[in-house]
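To find a chain, count down the sequence lines: A is the first, B the second, and so on, and within it residues start at 1.
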There are 2 protein chains.
Amino acid sequence: MIDDETARDRVVRTADELFYTRGVQAVGMDAVRTAAGVPLKRIYTLFASKDELIVAVLRHRMSIWDAGLAGATERATTARERILAIFDFLDAWFREPDFRGCGFVNAFGELGAESHGVTEAVREQKATFQEYVARLVEEAGAPAHVAPQIAILAEGAQTTAAISGTPEAARQARAAAETLLDASGAN
Amino acid sequence: MIDDETARDRVVRTADELFYTRGVQAVGMDAVRTAAGVPLKRIYTLFASKDELIVAVLRHRMSIWDAGLAGATERATTARERILAIFDFLDAWFREPDFRGCGFVNAFGELGAESHGVTEAVREQKATFQEYVARLVEEAGAPAHVAPQIAILAEGAQTTAAISGTPEAARQARAAAETLLDASGAN
DNA sequence: TTGCGCTGAGAACGTTCGTTCTCTACTGTA
DNA sequence: TACAGTAGAGAACGAACGTTCTCAGCGCAA
């Protein structure tokens, strides 16, 4: 049989693409089956239900996002530059042709009311990001209250860029973050 | 027959509550029919399709939001205070027990990829808000580039509050807005 | 009163969904 | 070669969806 791990990965990766592009509920399990080339029976031995697949997809997306963010920020030499690199990372993402907002926010809006697993995964992703920002803010020598402000800017930029269909929110949020850091007396 | 206007209003108002609470796709037309007490046949003479009802619901929500925002901000005497009152308005909203994020953002994430009407309505709502903020920023004597920054803060606060389940993002975003206004040399 | 038109209530339609079942065909072992 | 176990491909299932149709009953002009 096809290797368990690659089959699972292929299902998750394919479902992630489909869910993000078209919305979770708009994509049936049949579409996942066809696109991934994995029989339904097998999908249902790997995941007990569609909800479980959705959660697995969100966790996969989480690791991709974390790795991408880390890669984009680690090149900067100072903590302040690493914070601002977050917004450059967003800027590049917003310019991708199939950018459609934050997949976690979309999933939460669509399913948060009905799926506890989705709510938990999304909450975890946002908490991880906020902690990452908090660490950078501390390293930059800025007061702790600046961290959630910068996280809120990043969040708002994603929504604004998605709905407007333009990437300029990244630049605007970056400038605001600079102002907040400067006014706080960071290094 | 029941008056056309009240029937239409009841359908829209009821559908708005259901859609916001449980998500749009999770609510069937049967549920709208039952909750509103209006026969399906009549609903389909008032709205050609569910998508048309959704757009009508979004436009209704838009007018509610605009009125609420105007009411919350007009009490303030200076333009700067009106800007900050936006975040007090958000704070009060976030504390409502059934707050579940911005209904427009949720609808966009759920249906934006598949419904042009939804995308258009959501885009219109966000553009209106941004223009309102821009007007206040101008009245406050702050440079124009501060306006999108403050709008992004408001946007991010809504998402953050919804996912975290706590209202504190309003306070944090308000403080950030104050810093941005102060640093820009507004009155 | 008679008949016409439209109403409300909900049954019914075709489709699609998530999930399960069937059946053929292959793999590995003796 | 024979056989047990399992994999793949997709048909099939019950439920729920958006939408349409049926039909009894009411209001109103003559």
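- A:Glu138 CD: 12 or fewer foreign heavy atoms inside a 6.0 Å radius.
- Straight-line distance from the CD1 atom of B:Ile43 to the P atom of C:dG10: 13 Å, rounded to whole Å.
- With no hydrogens or angles considered, a side-chain donor-acceptor pair links B:Thr77 and B:Glu81 at under 3.5 Å.
- For CD of B:Glu17, the number of neighbouring non-hydrogen atoms (other residues, nucleotides, ligands) closer than 6.0 Å is 12 at most.
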Reading nucleotides 11-19 of chain D from the 5' end, what letters show protein touch, with B for base, S for backbone sugar-phosphate only, - for no heavy atom under 4.0 Å? -------SB
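- Salt-bridge annotation for A:Arg174 and A:Asp88: present, with a side-chain N of the basic residue lying under 4.0 Å from a carboxylate O of the acidic one.
- Using a cutoff of 4.0 Å between basic side-chain nitrogens and carboxylate oxygens, B:Arg13 and B:Asp16 are not scored as salt-bridged.
- A straight line from NZ of A:Lys41 to P of D:dA7 spans 7 Å, rounded to a whole angstrom.
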